[in-house]
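This report refers to the structure that appears directly beneath it.
Predicted, not measured: the structure shown is a model, and the values here were computed from it. Per chain, numbering begins at 1; letters A, B, ... match sequence-line order.
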2 protein chains.
Amino acid sequence: MKNSNRVIVSRRDRPAKEPLSRELIVQTAYELLKEQGMKGMSMRKIAKELDTGPSSLYVYVNNLEDLNSYVQDFGLGCLILPDAENGSWKERLFGALTAYFLLLVEQPGLAEISFSTIPKGDKYMELIEYILAALLEGGAGSKSAAWGTDLMLLYVTSLAYEKHSWKKHDAAKLSDIKQAFSNADSVRFPFIHSLSEELFSGDTVVMERFRWGLEVLLQGIKLDPINNRQT
Amino acid sequence: MKNSNRVIVSRRDRPAKEPLSRELIVQTAYELLKEQGMKGMSMRKIAKELDTGPSSLYVYVNNLEDLNSYVQDFGLGCLILPDAENGSWKERLFGALTAYFLLLVEQPGLAEISFSTIPKGDKYMELIEYILAALLEGGAGSKSAAWGTDLMLLYVTSLAYEKHSWKKHDAAKLSDIKQAFSNADSVRFPFIHSLSEELFSGDTVVMERFRWGLEVLLQGIKLDPINNRQT
DNA sequence: AGTTCTTTACGAACAGTGTTCGTTATGATA
DNA sequence: TATCATAACGAACACTGTTCGTAAAGAACT
């Protein structure tokens with residue numbers, strides 16, 4: 001209609017543009033996610049990157065939420081779990097969780113996306129299986145192992161996301177909050193006042209605090225508070 | 001200009017409309033948050049509810065992030081901490097965290113907002129102070145108490161948010177995932193396969209699982225894995 | 001070859017979003 | 001009564017996810 005006799009010439013610099021595919025879309029999306037976080041991974045920006053319109057993507061992907069799942073899977077592809085033959089069960093457990101945590105910290109977009117997306121990819125199931133196995137080998141009961149796996153993964157994801165979320169805010173506001181804590185009314189909030197250092201020390205020694213949390217969780221799980229609860 | 005001789009008649013049904021104020025905005029926003037979650041708490045919807053334009057709100061609030069903080073504080077106003085005189089330190093600790101958890105579960109919007117917003121209100125500081133005090137009374141060291149407080153609050157918020165996030169997805173997709181777990185390849189994922197019941201049981205017995213997690217955390221914190229770490 | 005049919009591509013539009021700007025109205029003070 | 005800071009707000013900007021109708025390209029079949 002409006003431009004019937006238009007020249008059908010490729011609108012892109014590169015001569016033969018790679019045809020669209022879900023793989024290509026996911027890769028491009030992940031690239032944007034790494035660079036600019038979830039905010040930069042919009043349908044329109046992905047489409048622009050692929051030199052097409054946003055509607056073209058919907059051939060290969062149902063909606064953004066779907067794409068999020070695929071991208072999460074794709075990102076988890078970089079996760080390398082420790083060899084299941086070597087080391088004690090605890091070393092393997094901590095090794096896997098640390099690898100997962102480091103990946104989320106290095107790619108904060110992945111941490112971001114992992115919170116709003118229910119993981120259902122193969123790689124994530126491998127991770128669950130790996131941790132379940134380690135906990136069971138460590139002597140945990142069925143329920144403790146299952147709930148403990150959930151708990152540990154929740155911990156890792158939350159901590160990584162929290163770390164990212166705090167980093168997003170400008171340093172100015174952050175030090176404002178620190179000040180609010182150390183300047184806390186020592187009458188109403190005596191403990192916050194005196195422990196403000198410790199409350200924020202986790203910010204600088206991330207890995208130490210992470211490791212501490214793992215240790216806490218593991219010790220608690222091993223005690224199995226369901227079976228031998230001490231009121 | 002364009003409509004100079006317009007009739008200056010109140011565009012609203014109610015005759016004398018309450019003048020704007022931050023309080024009123026926050027209240028209205030919280031009402032929307034309770035009804036429709038964060039998605040329903042947009043500047044435009046709040047403005048519409050107050051029968052005005054979105055730009056009017058910016059007199060009393062810097063931006064949406066700011067408003068989120070205020071709304072979070074406002075919502076936390078409903079939190080009732082157990083009387084600090086009665087009961088053991090553990091009863092008070094669990095009482096406070098349970099009250100917080102129940103509030104977040106009853107008002108999922110609050111859980112949602114608590115994740116994207118750094119808490120800096122008075123009410124939240126009261127909560128921190130309360131838990132710090134309980135842990136210290138329970139015999140935790142400075143660092144354990146501080147990091148333990150963070151850990152327990154992170155746990156409560158994350159679990160409440162996770163619960164909400166899962167509920168948002170239609171039941172169809174959710175049972176799909178459950179199926180994916182119980183149908184998991186029993187060769188690649190033997191443990192997931194055999195423990196799929198336990199992995200999902202937390203969905204139905206929320207409070208039991210919540211309580212279990214608290215117990216796990218507390219046991220782990222009490223052991224203070226920093227000072228007596230057993231490699 | 002010509003015709004049909006399905007898949008892929010994509011421009012335009014819809015209904016939203018947060019935020020800013022410039023102008024108007026209001027109420028208190030000088 | 002005149003002045004002036006503040007409050008209110010319409011319009012616009014630059015975004016967002018998603019849908020719809022149409023156009024092109026290929027494959028399959030007559």
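Using a 30° and 60° split on the angle between ring planes, A:Tyr155 and A:Phe210 fall in the parallel class, below 30°.
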Determine, step by step, whether B:Lys123 and B:Gln72 satisfy the side chain to side chain contact (heavy atoms under 4.5 Å, CB included) criterion, reporting the C-alpha distance in whole Å, the side-chain angles of both residues, the deciding distance to 0.1 Å, and the verdict. CA-CA 10 Å; B:Lys123 199 76 194 183; B:Gln72 192 199 11; over 6 Å; no
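Between the side chain of B:Trp147 and the backbone N or O of A:Gly213, no donor-acceptor pair lies under 3.5 Å. With B:Ser165 contributing its side chain and B:Tyr161 its backbone, the two residues share no donor-acceptor pair below 3.5 Å.
A donor N or O paired with an acceptor N or O is found under 3.5 Å between the base of D:dG17 and the side-chain atoms of A:Arg44.
For the OP1/OP2 pair of C:dC10 and a distance below 4.0 Å, the side-chain nitrogens and oxygens of A:Thr52 include at least one atom meeting the criterion. When the side-chain nitrogen and oxygen atoms of B:Ser56 are compared with OP1 and OP2 of D:dC9, one or more of them lie within a distance under 4.0 Å.
For the pair B:Leu20 CG and D:dT6 C1', the interatomic distance rounds to 13 Å; values are reported in whole Å. The nearest whole Å value for the distance from the CG atom in A:Leu57 to the P atom in C:dA9 is 10 Å. The separation between A:Tyr58 atom OH and D:dT18 atom C1' is 5 Å, rounded to whole Å. Separating the CD1 atom of A:Ile25 from the P atom of C:dC10 is a distance of 11 Å, rounded to the nearest angstrom. Here C:dG18 presents its P atom at 12 Å from NZ of B:Lys48, a figure rounded to the nearest Å.
A side chain to side chain contact (heavy atoms under 4.5 Å, CB included) with B:Leu127 is found for exactly one of B:Val156, B:Asp122, B:Leu153, B:Thr149, namely B:Leu153.
Heavy-atom distances under 4.0 Å link DNA chain C to B:Ser42, B:Met43 of residues 28-43 of chain B, given in residue order. Taking a 4.0 Å limit (strictly below) on heavy-atom distances, residues 60-73 of chain B reaches DNA chain C at B:Asn63, B:Leu64.
Using a 4.0 Å cut-off between charged nitrogen and carboxylate oxygen, A:Lys45 and A:Glu35 do not count as a salt-bridge pair.
Across C:dC10, D:dA11, D:dA8, the shortest atom-to-atom separation from the side chain of A:Ser55 is found for C:dC10.
Applying the 6.0 Å contact sphere to CD of A:Gln36 captures more than 12 heavy atoms from other residues, nucleotides or ligands. Heavy-atom neighbours of A:Gln27 CD from other residues, nucleotides or ligands within 6.0 Å: above the threshold of 12.
When each of B:Pro54 and A:Lys45 is assigned the nucleotide of DNA chain D bearing its nearest heavy atom, the one mapping closer to the 5' terminus is B:Pro54.
For B:Phe200, the ring pair (Phe, Tyr, Trp, His ring centres under 6.0 Å) partners two or more places apart in sequence, or in a different chain, are B:Phe181.
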